[in-house]
**Student:** 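Okay, handing you the structure first.
Per chain, numbering begins at 1; letters A, B, ... match sequence-line order.
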2 protein chains.
Amino acid sequence: MTNQNNEVTYSIGELAKEFDITPRSIRFYEEQDLLSPERTGQTRIYCNKDRVRLKLIQRGKRLGFSLAEIKNLFELYDSNANSMLQLEAMLQMTEQKRAILRQQLDDIQMLMNELDEVEKRCRDELADLQKRGS
Amino acid sequence: MTNQNNEVTYSIGELAKEFDITPRSIRFYEEQDLLSPERTGQTRIYCNKDRVRLKLIQRGKRLGFSLAEIKNLFELYDSNANSMLQLEAMLQMTEQKRAILRQQLDDIQMLMNELDEVEKRCRDELADLQKRGS
DNA sequence: CCTAACCCTAACGTTAACGTAAATCAATTT
DNA sequence: AAATTGATTTACGTTAACGTTAGGGTTAGG
């Protein structure tokens, strides 16, 4: 659907289906101030910004971030800091998040290497079995 | 300390301090079958393998894995599969985990890009303020 | 002998992120 | 008109990963 400004809108059910989550979750995110959809009477109307946010929420969760941290990132992104102090605080925040991401990159790299080993051992065993078997 | 085989051992307190967690957590991991330390009477004695596992647990948690998934990875690694079926199941598992890690890599890349943007906007603002201020 | 610093078990409490159930309302469909 | 479909609020239930408290044992030092 579209609203009065000809923007695309979504119902809670549509978004739930698209992102494979329940309406309950979407309402919960709103309760936690991660979303703030319009209303038509009682029913919620989601715009494209809300949809993008849902995507970001999923991404954050895949990285093991809590909803509070994700909200924090939203505020970082939306923030219109105007004082030097605020701006410097923001730079600190971005650097902090960056550190976490770097750590995760390291972690992933190491885990991948281990998976390589497991897989190699596994393939060796398989080859061995086939040799014996034939 | 060292045990009868001249291997290095640790008390629960030492490991707790080293990894900056509580003894409670370490005992909980044992309850969940992620650790299985020796005992001397009632008190737990941890060897180097246990220490390594704790490191892996931390890493898994940083990536947002549940303790059950981490245990799963341990089993993957320790497993001495011998049948073709088991081996193929293991290869499936490693590929599955790999897919998750690839997804996380993508997620991290995108988040990093966004942080870049936030930071850039921030620096521009700061430069602007300083120009005005001087 | 007493205290401090460790260790232990047992068991209830807590927080995050929803799940689930009940009761209601509005718009279609049959 | 009755029933289905999809929305709403309210509120209690659930799971994971510990935190916390209570009660008790043992070894080193003063």
**Student:** Give me the residues of residues 32-54 of chain B where at least one heavy atom lies under 4.0 Å from an atom of DNA chain D, by number, or none.
**Tutor:**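 Heavy-atom cutoff 4.0 Å gives no residues at all.
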
**Student:** Flag the pair A/Asp106 and A/Arg102 as a salt bridge only when some basic side-chain nitrogen lies within less than 4.0 angstrom of an acidic carboxylate oxygen.
**Tutor:** no

**Student:** Return the set of residues passing side chain to side chain donor-acceptor pair (under 3.5 Å) with A/Tyr46 (not counting sequence neighbours), or none when no residue passes.
**Tutor:**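 A/Tyr46: no side chain to side chain donor-acceptor pair (under 3.5 Å) contacts found.
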
**Student:** Do the charged groups of B/Glu69 and B/Lys97 touch, with an N to O distance under 4.0 Å?
**Tutor:**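 No, this pair does not count.
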
**Student:** Report which part of the nucleic acid B/Lys61 touches: base, sugar-phosphate, or nothing (heavy-atom distance under 4.0 Å, all strands).
**Tutor:** sugar-phosphate

**Student:** Look at A/Thr22 and C/dG19 and indicate whether a side-chain polar atom (N or O) is within less than 4.0 Å of OP1 or OP2.
**Tutor:**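 Answer is yes, contact under 4.0 Å.
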
**Student:** Earliest and latest nucleotide of DNA chain D, 5' to 3', sitting under 4.0 Å from a non-hydrogen atom of chain B?
**Tutor:** D/dA17 to D/dT20

**Student:** Can you list, in residue-number order, the parts of residues 62-73 of chain A that come under 4.0 Å of DNA chain C, counting heavy atoms only?
**Tutor:** A/Ser66, A/Leu67

**Student:** Can a cation-pi geometry be assigned to A/Arg24 and A/Tyr29, taking NZ or CZ under 6.0 Å from the six-membered ring centre and within 45° of the ring axis?
**Tutor:**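 Not flagged: A/Arg24 not positioned over aromatic ring of A/Tyr29.
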
**Student:** Can you work out whether B/Phe28 or A/Ile12 has the more 5'-proximal nearest nucleotide on DNA chain D?
**Tutor:**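 Result of the comparison: A/Ile12.
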
**Student:** If I take atom CG from residue A/Leu54 and atom NZ from residue A/Lys49, how far apart are they, to the nearest 0.5 angstrom?
**Tutor:**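 One finds 12.5 Å between CG of A/Leu54 and NZ of A/Lys49.
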
**Student:** Please enumerate all residues that pass side chain to side chain donor-acceptor pair (under 3.5 Å) together with B/Gln86, with sequence neighbours excluded.
**Tutor:**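 B/Gln86 satisfies side chain to side chain donor-acceptor pair (under 3.5 Å) with no residue once adjacent residues are dropped.
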
**Student:** Taking atom C1' of C/dA22 as reference, at what distance in whole Å does atom CZ of A/Arg24 sit?
**Tutor:**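 A/Arg24 atom CZ is separated from C/dA22 atom C1' by 14 Å.
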
**Student:** Show, in sequence, the C-alpha distance, side-chain angles and deciding distance for A/Glu114 and B/Arg59, and conclude whether the salt bridge (charged side-chain N to carboxylate O under 4.0 Å, His left out) test is met.
**Tutor:** CA-CA 13 Å; A/Glu114 277 166 40; B/Arg59 209 177 63 192; 3.0 Å; yes

**Student:** Could you tell me how far apart A/Asp20 (CG) and C/dC18 (C1') are, to the nearest whole angstrom?
**Tutor:** 15 Å

**Student:** Considering non-hydrogen atoms only, spot the tightest contact between B/Arg39 and B/Arg44 and give its length.
**Tutor:** NH2-NH1, 3.0 Å

**Student:** Less than 4.0 angstrom between a side-chain N/O of B/Arg27 and OP1 or OP2 of C/dC8, yes or no?
**Tutor:** yes

**Student:** Quick one: list whatever passes side chain to side chain donor-acceptor pair (under 3.5 Å) with B/Ser25, sequence neighbours left out.
**Tutor:** B/Thr22

**Student:** Could you check whether B/Arg123 pairs with B/Glu119 (Lys NZ or Arg NE/NH1/NH2 to Asp/Glu carboxylate O, under 4.0 Å)?
**Tutor:**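 Yes, this pair counts.
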
**Student:** Rounded to the nearest 0.5 Å, how far apart are NZ of A/Lys61 and CG of A/Leu67?
**Tutor:**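 Interatomic distance, A/Lys61 NZ to A/Leu67 CG, rounded to 0.5 Å: 6.0 Å.
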
